[in-house]
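Notes for the one structure printed next.
Nothing here was measured: the structure is a model prediction, and the numbers come from that model. Numbered from 1 within each chain, the chains take letters A, B, ... in sequence-line order.
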2 protein chains.
Amino acid sequence: MGRSAVSSGTAGPALVEANDDAMDDYHLQEQVGFVLRKANQRHLAIFAARISDLTPPQFAALAKLHEIGETSQNQLGALIAMDAATVKGVIDRLKARGLVDFGKHEADKRLLMVKLTAEGFAMIERLIPLAEQITQETLAPLTAREIGTLMRLLGKIT
Amino acid sequence: MGRSAVSSGTAGPALVEANDDAMDDYHLQEQVGFVLRKANQRHLAIFAARISDLTPPQFAALAKLHEIGETSQNQLGALIAMDAATVKGVIDRLKARGLVDFGKHEADKRLLMVKLTAEGFAMIERLIPLAEQITQETLAPLTAREIGTLMRLLGKIT
DNA sequence: TTGATATCATTTGCATACGAATGAATTTGA
DNA sequence: TCAAATTCATTCGTATGCAAATGATATCAA
């Protein structure tokens with residue numbers, strides 16, 4: 001229903017506006033935001049199908065703790081691209097499941113230090129191979145060359 | 001903190017495991033899911049900076065109604081890639097703001113027909129040019145050729 | 001040294017997202 | 001034709017995601 005959708009009750013051919021109006025050329029499906037959202041949706045569906053133990057944000061938190069070891073809640077959030085409010089919720093749920101533990105920083109009392117428990121460590125080591133399969137399945141429609149190109153271009157707009 | 005992080009209290013050089021363990025090669029930042037999420041984050045930030053009247057999902061709903069005219073709630077959801085529960089929330093909030101209106105389908109009483117109000121029509125026509133700027137700004141780091149490639153590859157994994 | 005500024009964590013409020021369950025209405029198929 | 005299967009909309013519960021406000025703690029600078 002763009003501007004050129006004209007209703008005419010009069011006899012004879014309806015006068016149709018010349019379609020020089022940019023409004024009618026806007027197609028949601030061609031916008032990068034929409035395509036990014038859809039690609040992300042497909043990836044999340046693949047993730048959920050392979051890993052039901054954790055959500056993607058929870059996995060990201062555990063994977064990063066596995067990669068770098070103990071760190072503060074805020075620092076962890078910065079590393080996995082979550083703001084303070086979001087990372088708190090994620091970490092609290094992991095803590096409630098016994099996958100991470102908290103500790104206080106002696107020098108800086110503001111910091112809430114977070115680290116993997118033995119359970120969390122075992123869990124993430126079990127899941128990382130599945131995560132690699134998830135990445136592969138997400139990228140399955142692409143050739144190796146295309147994968148490199150996609151990652152490079154996504155990196156540029158990040 | 002991968003498996004090769006070895007602590008040794010003994011004298012002499014510590015025995016370090018050969019890093020043939022795939023576990024230590026997993027870097028979150030290199031996973032397509034993480035990069036997709038970050039690219040999406042940046043796009044959402046650009047959107048919010050340019051359009052404060054609507055959220056991206058609300059914009060998508062109005063833009064699609066503008067494009068195709070009246071449709072059922074479920075059909076709209078399918079077109080903008082939202083499940084039934086999500087689209088209901090979005091549409092209800094648009095209705096509360098007087099941007100869309102509901103109607104019943106005579107033939108099929110299950111359908112909730114949704115259409116733009118005059119206000120909604122004016123709003124989306126005002127915002128579409130801004131949305132085009134948002135797309136441009138999001139893709140600004142890329143050349144025209146790269147934009148085509150990115151959209152094509154994203155389309156392949158969607 | 002101490003007042004201004006900055007950082008960290010927390011809380012609140014709002015808006016997606018989606019799985020699962022449910023009831024109403026429609027379509028299908030034997 | 002009518003019982004079974006489908007479709008549509010709604011509701012509930014859980015989990016992000018982020019802006020804004022707040023209190024505790026650190027750091028900086030005059």
Is A:A78 touching bases, backbone alone, or none of the nucleic acid, heavy atoms closer than 4.0 Å? nothing
Nearest whole angstrom, please: distance from the P of C:dA17 to the CZ of B:R37. 13 Å
Taking atom types as modelled, find out whether B:K64 and A:Q29 have a side-chain donor-acceptor pair closer than 3.5 angstrom. yes
Result for 5'-nearest mapping on DNA chain C, choosing between A:D92 and B:D83, is A:D92
Please tabulate the protein-to-nucleotide N/O contacts below 3.5 Å involving nucleotides 7-9 of chain C, giving atom names and distances.
| unit_1 | atom_1 | unit_2 | atom_2 | d |
| --- | --- | --- | --- | --- |
| C:dT7 | O2 | A:R110 | NH1 | 2.8 |
| C:dC8 | O3' | A:R110 | O | 3.4 |
| C:dA9 | OP1 | A:L112 | N | 2.6 |
| C:dA9 | OP2 | A:N74 | N | 2.6 |
| C:dA9 | OP2 | A:N74 | OD1 | 2.9 |

Whole Å only: how far is the CZ atom of A:F47 from the P atom of C:dA17? 18 Å
Holding to side chain to side chain contact (heavy atoms under 4.5 Å, CB included), I want the full list of residues that pass it with A:T149, two or more places apart in sequence or in another chain. A:R152, A:L153, B:T149, B:L153
Mind checking whether B:F121 and B:H66 have parallel, tilted or perpendicular rings, split at 30° and 60°? tilted
CE of B:M82 versus C1' of D:dC8: gap in Å, rounded? 18 Å
Interatomic distance where CG belongs to A:N40 and P belongs to D:dG17 [whole Å]: 9 Å
Please report the shortest heavy-atom distance between A:Q41 and B:A81, naming the atom on each side. NE2-O, 2.8 Å
Can I get a per-line list of side-chain donor-acceptor pairs under 3.5 Å for residues 98-106 of chain B, giving both atom names and the distance, sequence neighbours left out?
| unit_1 | atom_1 | unit_2 | atom_2 | d |
| --- | --- | --- | --- | --- |
| B:D101 | OD1 | B:K95 | NZ | 3.2 |
| B:H105 | ND1 | B:A107 | N | 3.3 |
| B:H105 | ND1 | B:D108 | N | 3.0 |

For the pair made of CD1 in A:I91 and C1' in C:dT10, what is the distance, rounded to whole Å? 14 Å
How many Å lie between CG on B:L79 and C1' on D:dC8, as a whole number? 15 Å
Would you mind reading off the distance between B:H105 atom NE2 and D:dA9 atom P, rounded to a whole angstrom? 11 Å
Just to be sure I understand the rule, does B:T55 reach a base, reach only the sugar-phosphate, or reach nothing, if contact means heavy atoms closer than 4.0 Å? sugar-phosphate
Would B:E146 and A:K156 satisfy salt bridge (Lys or Arg N to Asp or Glu O under 4.0 Å), going step by step from the backbone distance to the final call? CA-CA 10 Å; B:E146 286 174 331; A:K156 273 190 161 187; 3.0 Å; yes
Listed nucleotide nearest any side-chain atom of A:Q58, set D:dT16, C:dT16, C:dT12: D:dT16
What is the separation between atom CZ on A:F34 and atom C1' on C:dA17, rounded to the nearest whole Å? 15 Å
Side-chain contact test, heavy atoms from C-beta onward, threshold under 4.5 Å: evaluate it for B:L150 versus B:L139 and give yes or no. yes
